[in-house]
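It should be emphasised that the depicted structure is a prediction, and the values quoted were computed from it without experimental measurement. Lettering follows sequence order; numbering is per chain, from 1.
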Amino acid sequence: MTQIAKLKNEALELLEKASTLEEIEELKIRFLSRKGELAGLFSEIPKLDPAERKQFGQGINELKILLTEGLEEKEATLKRSKRDLPPVDITRDPFPFRKGSVHPLSATYIEIINIFKYLGFIVVEGPEIEEDFYNFEGLNFPPDHPARDEQDSFFMQNGKLLRTHTSPVQVRVMESQEPPLAVVSPGKCYRRDTIDASHSSMFNQLEGFLVDENISVAELKGTIKYFIKELFGEKKTRFRPHYFPFTEPSMEVDVECVFCGGKGCNVCKKTGWLEIMGAGMIDPNVFIKAGLDPVKYSGFAFGMGIERIAMLRYDINDMRLFFENDIEFLDQFR
Amino acid sequence: MKYSLNWIKKYIDIELSEDELYKKLTMSGSEVEGCHMLLEDISDIVISKINKIEPHPQADKLQICTVTDGKETYSVVCGATNIQKGQIVPLAKIGASLPGNMKIKRSKIRGIESEGMLCSTKELGLGTDHEGIFILKSDLKKGKSFKDYFDDTVFEIEITPNRPDLLSHYGLSREIAAITGKRARPLEIVDSIVGNTESPIRVEIRDLDACPKYLLLYVKNIENPSSPQDIKNALIAMDTNPKSLLVDLSNYNLFETGHPTHFFDADKIQGNIIVRFARKGEKTITLDGEERVLQSTDLVIADEKKILAIAGVIGCANSEVSDSTKNIAIESAVFKPALIRKTKNRLGIKSDAAYRYERGVDINAPETSLKRIMKHFREYTTFEANSNVIDVSAPVPAVRDIVLKEQTIKSILGVSLESSEITNILLRLGFKIEKLLESSMKVTVPTFRYHDIEREIDLVEEVGRIYSFERIPAARPYIRGPLVLNKYRDFKDDLKHVIAGRGFHETVTLTVSEDKLYQSYGYQEDMLQITNPLNISQNVFAPLIFPRLINVLIRNLKYRPEQLGFFEIGNVFSGEEKERISILMYGKRWGNNWITGSEEKIAGLFDLKGELSAIFNYLDIKDKIEYQNVDMPYFVPGRSGEILLDGAHIGWLGQVEPDNIPSKRIKYPVLSAEFDLKALYSDEIITYEHFSMFPEIERDLAVVFPNQPVNAEVISAISSAAGEMLTSIELKDVYKLKTKAFSMMYRLTFQSGKKTLKDKQVDYFMTQIIKRIEGDFDAKLR
């Protein structure tokens with residue numbers, strides 16, 4: 001046993017002193033090679049008293065592991081120090097790069113659509129240059145009715161018009177597919193509005209509708225409440241009766257003001273509520289125009305202004321910012 | 001529409017606070033958008049009594065009044081002639097405010113100090129009379145604020161187009177009654193109108209569809225005094241200036257009942273009244289002094305010589321009631337909404353009458369209005385005689401009955417309501433109900449709701465909104481398939497992030513824009529014009545995107561003159577509507593900093609092409625994309641090209657012609673690419689291919705071409721000569737020799753999927769390639 005202890009002391013001392021890779025290599029050969037000193041000790045085993053053999057063998061093995069690990073570690077340290085790279089200051093500027101961003105309206109769309117996708121809605125897009133039938137008539141807007149006043153249209157030289165809302169997609173989908181239908185439809189819309197802080201001749205909407213058997217206001221509320229909770233967090237909502245030609249009953253949905261928590265501020269005009277969408281049960285006339293049976297099917301539809309929601313989300317106070325594309329504005333988004 | 005709370009309270013007792021009332025209205029579908037006090041500009045006006053009037057020593061026309069508010073007395077200089085001792089008058093004390101930012105200060109008038117001012121109705125914002133002081137009723141209490149008696153709350157409601165029945169104070173009172181469970185008092189009207197003279201004017205309707213009802217009442221020798229203060233106050237709350245009783249009553253009736261009436265000076269009507277369509281090109285001058293040229297779709301009220309009014313829209317100057325009017329003829333009629341709307345829109349006339357007629361008036365309102373006006377006449381004026389009501393009307397429309405099933409309420413609202421609850425709601429709203437078998441009822445619609453209650457579903461809405469949608473429990477729907485996912489939308493959203501990640505800012509610019517913008521960059525095709533643009537800067541639907549990105553660039557050069565990049569995805573119209581993407585790159589690819597030192601890299605066309613390649617690579621369509629050198633009007637000659645996908649043109653890229661860019665700040669190349677988006681999307685699933693484990697062999701090929709060759713053609717020649725072992729070709733070096741010749745160096749990589757290639761084999765491929773290049777391009781190996 002003293003043999004092992006002696007060898008151990010000697011080897012560790014040499015390991016400690018070694019300062020080059022060559023010395024490490026020499027130590028490896030001297031102690032660990034097939035003809036090295038540890039191997040020599042192994043060959044002593046048969047000469048020993050059988051009672052001591054086991055303990056002696058274990059002692060050598062432990063030393064072998066100790067030396068191997070020690071040598072490898074030292075070798076690695078010496079290798080790294082040999083490269084001799086100067087340290088860097090990682091806090092300095094990186095190589096110049098170009099920063100980009102996704103427009104806040106796109107980001108808002110993605111956020112909203114993801115919520116509805118999770119519920120099982122799919123996305124369908126429709127044309128911006130639309131026929132009167134899909135934009136008005138198919139949605140139960142009587143010709144020459146004041147309901148059209150709120151949606152002052154741009155008429156095109158090809159006899160079509162620029163859609164004033166995303167609702168035409170409702171008619172297009174219902175015309176071409178049998179229920180069940182669960183669709184959201186994002187897109188640009190146009191109205192003859194002079195541009196100001198809350199109006200623009202072009203704006204973005206998201207339409208949604210669910211058509212199946214046995215759909216009622218209860219399902220409408222469940223869907224919208226879930227959506228609002230996902231988008232704004234736990235907020236109070238209210239469903240306020242309103243009028244749209246293509247839904248009956250119709251309502252507007254208000255959410256507790258996100259700025260004042262419902263106490264009343266300038267943004268919510270002291271009401272404590274922010275209107276965020278229109279909704280309602282699809283009018284039987286819309287089903288009939290699209291060729292669906294209003295007795296068999298019922299459904300709800302809703303529509304929201306994306307600018308409005310983005311303004312609330314990002315605390316933006318002027319709608320024009322979205323379309324002016326100032327880099328100082330865009331840069332604030334990812 | 002605006003409402004006066006005092007006025008509403010004439011018909012209904014309101015026990016709710018104002019806030020509660022507004023909330024109830026809002027939550028039943030009539031959103032209250034705001035309210036203000038009528039006299040919010042007024043302060044410190046008190047009711048006072050004139051104790052003494054003395055002449056002003058320095059001025060004949062002025063007097064010195066001693067007035068008291070019950071506590072103190074004030075000496076006030078006044079020029080009005082209608083005051084007498086003992087009268088109750090409004091006194092503006094020192095420090096009082098009046099409309100128009102007027103403040104009452106202590107002042108001397110012709111040497112005599114005045115401690116305030118006695119006010120006329122005009123000064124108080126309550127009328128037009130500024131000559132005389134506003135003499136108040138003698139029972140008003142001295143010392144009380146003037147506002148206590150005369151102030152009013154004016155609130156505004158967004159009345160939706162389906163509820164013309166709410167466009168009046170009485171109509172709204174009826175609604176308030178329904179939502180609060182109260183009853184509105186009936187309007188005070190005369191029982192009947194019995195004539196004691198013959199009307200000299202008869203009525204003829206040419207088209208009963210256009211004008212289903214026309215009543216005319218002739219009144220002889222009527223006095224036209226000024227209206228009582230009560231009516232004046234009501235009109236002022238409606239922003240309408242009181243004029244004279246006859247004019248005021250027509251307005252008052254409109255705001256009270258929602259029914260427009262028209263008062264003609266009967267002596268100016270020649271012969272009988274004819275309700276007819278105008279002749280094309282027929283002209284008349286309306287009350288506003290404008291000459292109107294009419295069309296054959298415009299309904300008019302005419303006599304035998306001329307047009308008296310454009311039906312339901314506006315009267316004409318020729319038959320207007322004036323100070324000299326003695327005999328009047330009152331029209332109370334119903335016109336077809338769509339006709340009125342067409343005419344008013346074409347002529348661009350906004351009138352309170354047209355606003356109500358285009359939405360639809362109650363078929364029974366004409367009689368009520370005349371009876372109401374007659375009641376007012378008896379109260380406020382004198383007249384010699386009146387005719388019977390001349391009534392020319394189409395047959396009364398049938399009573400409207402709708403069957404309502406309780407099951408329909410449950411299936412649409414999602415909540416079971418007791419039959420008694422449904423009945424109660426409908427009764428409060430003025431419907432009549434007869435129970436039928438099997439949980440259903442026959443509902444009779446009151447005439448004032450004929451314009452929006454036509455079907456069972458309309459009744460469901462009525463029940464729902466009064467019951468309150470808030471009380472309906474929410475339920476998450478179970479959404480059934482089959483639904484096909486729209487991966488194209490995901491692809492677009494994904495792409496936006498990829499491009500943004502490469503250093504471009506996504507923009508959203510207005511698609512409705514000006515044709516000149518696109519022309520200025522060289523677009524030569526016809527554009528899709530907007531026939532009714534708001535202004536000329538928005539007269540087409542855009543055929544391209546990139547000119548708008550250049551506008552964004554120009555706008556932003558002031559913030560970031562050195563480096564900008566933008567992209568936009570949007571629809572364009574050129575022959576058809578399609579979705580495109582445009583990418584703009586400008587300025588430094590990278591600027592100098594502590595690493596690059598003085599070195600910087602200005603982005604050129606191949607930097608943009610690199611970005612495109614990265615995008616196409618990401619979309620896994622790199623191998624399907626080709627480029628072709630093509631000159632285009634948008635770009636610097638020789639610096640643009642087409643992008644092809646599977647051989648089909650999808651767009652282009654180039655260096656924008658700097659002469660076309662209206663900015664002096666541009667100092668670097670403006671690089672633009674624009675292409676169709678839908679073509680890039682593929683739902684093909686990638687098939688994994690086994691990759692080769694065998695070593696690659698690289699060979700360089702340096703060739704001198706007599707002229708600059710087209711790289712794509714050289715590559716195509718090399719590929720077809722090399723065979724399938726050639727796995728990549730990279731252009732490593734290009735330089736122009738002193739002659740016209742070009743030297744190009746390509747690095748070719750060969751690899752087999754089955755074995756290790758031998759040099760000999762590669763030598764053979766190279767020989768084939770060189771032979772081909774020399775033959776095709778007259779080139780020489782260097």
Side-chain angles (χ1 to χ4, degrees), chain A residues 92-93 95-103 105-106 110 119-120 122-124 127-129 144 146-147 154-158 180 182 188 190 192 194 201-202 210 212 214-219 221-223 225-226 238-243 248-249 251 281 284 298 322-323 325-328 330, chain B residues 26-29 160-162 338 341-342 358-359 411-414 457 461 464-465 469-470 472-477 479-480 483 485-486 489 493 496-497 500-512 528-532 534 538 541 552 556 559-560 565 571 573 577 590-591 593 595:
Chain A
R92 287 190 198 171
D93 290 348
F95 191 85
F97 66 97
R98 297 168 68 104
K99 185 194 175 294
S101 63
V102 170
H103 195 280
L105 290 176
S106 291
I110 291 168
L119 287 173
I122 59 158
V123 183
V124 177
E128 291 169 25
I129 303 166
D144 261 312
F154 286 113
F155 293 102
M156 309 308 283
Q157 126 211 66
N158 62 2
K188 289 180 185 140
Y190 304 84
R192 285 183 81 236
T194 310
S201 50
M202 182 184 94
L210 173 67
D212 201 345
N214 304 318
I215 299 296
S216 74
V217 173
E219 281 77 28
K221 286 186 71 178
T223 306
K225 279 185 166 223
Y226 173 79
R238 65 175 192 184
F239 294 76
R240 179 166 46 74
H242 198 69
Y243 167 75
E248 187 87 9
M251 55 198 86
M281 300 303 294
S298 57
F322 292 121
F323 308 114
N325 301 291
D326 270 329
I327 192 82
E328 301 292 335
L330 297 177
Chain B
T26 297
M27 291 311 286
S28 65
T160 52
N162 60 327
R341 181 175 156 79
K342 222 177 240 168
E358 67 170 329
R359 283 161 173 76
S411 64
I412 296 296
L413 298 183
I457 190 74
E461 175 171 65
R465 76 183 177 89
F469 298 139
E470 287 298 282
I472 296 173
R476 277 267 292 280
I479 295 182
R480 298 194 289 160
L483 300 167
L485 291 176
N486 181 349
R489 177 76 192 189
D493 289 340
K496 286 177 182 176
H497 285 105
R502 299 200 64 86
F504 296 86
H505 293 281
E506 189 195 3
T507 64
V508 177
T509 55
L510 299 184
T511 326
V512 283
L528 184 62
Q529 302 282 331
I530 295 170
T531 57
N532 60 338
L534 261 182
Q538 297 188 333
F541 193 89
V552 173
N556 281 303
Y559 305 113
R560 309 266 172 97
N571 288 10
F573 185 92
E577 186 183 341
W590 37 267
N593 75 354
I595 307 169

Shortest non-hydrogen contact from [X] to [Y]?
X      : Y      : value
B/L413 : A/S216 : C-CB, 4.0 Å
A/A218 : B/P473 : CB-O, 3.2 Å
B/S28  : A/P241 : C-CG, 3.6 Å

Considering only heavy atoms from C-beta outward, does the side chain of [X] approach that of [Y] to under 4.5 Å?
X      : Y      : value
A/L330 : B/E506 : no
B/I595 : A/R92  : no
B/I412 : A/P249 : yes

Looking only at heavy atoms and a cut-off of under 4.5 Å, which of [options] has the most pairs with chain A?
options                        : answer
B/A475, B/A474, B/G414         : B/A475
B/R465, B/E470, B/K496, B/R502 : B/E470
B/T160, B/L534, B/D493         : B/L534

Nearest-0.5 Å distance, [atom1] of residue [X] to [atom2] of residue [Y]:
X      : Y      : atom1 : atom2 : answer
B/E461 : A/Y243 : CD    : OH    : 9.5 Å
B/F573 : A/I129 : CZ    : CD1   : 5.5 Å
A/M251 : B/M27  : CE    : CE    : 10.0 Å
A/N158 : B/L528 : CG    : CG    : 4.5 Å
B/R489 : A/I110 : CZ    : CD1   : 7.5 Å

Starting from the C-alpha separation in whole Å, work towards a yes-or-no answer on side-chain contact (heavy atoms from CB on, under 4.5 Å) for B/N162 and A/E248.
-> CA-CA 11 Å; B/N162 60 327; A/E248 187 87 9; 5.9 Å; no

Of the listed residues (A/M281, A/E328, A/K188), which shares the most heavy-atom pairs with chain B below a 4.5 Å separation?
->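 Heavy-atom pairs under 4.5 Å are most numerous for A/E328.
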
Which of A/P96, A/P284, A/P146 touches chain B most, by non-hydrogen pairs under 4.5 Å =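 Result: the option with the highest number of such pairs is A/P146.
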
Donor-acceptor side-chain pairing of A/E128 and B/T511 below 3.5 angstrom =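 On atom types as modelled, these side chains do not qualify, holding no pair under 3.5 Å.
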
Keeping [X] on the side-chain end and [Y] on the backbone end, is there a donor-acceptor pair under 3.5 Å?
X      : Y      : value
A/N325 : B/V508 : yes
A/Q157 : B/T531 : no
A/R192 : B/N532 : yes
B/H505 : A/K99  : yes
A/K221 : B/F469 : yes

At a 4.5 Å cut-off on heavy atoms, which part of [X] comes close to chain B: side chain, backbone, both, or neither?
X      : value
A/Y190 : side chain
A/D326 : both
A/F95  : both
A/I327 : both

Go through the atoms of [X] and report whether side chain, backbone, both or neither lie under 4.5 Å from a heavy atom of chain A.
X      : result
B/R560 : side chain
B/Q529 : both
B/T509 : both

Go through B/I530 and A/M156 one step at a time and tell me if the side-chain contact (heavy atoms from CB on, under 4.5 Å) criterion holds.
-> CA-CA 5 Å; B/I530 295 170; A/M156 309 308 283; 3.6 Å; yes

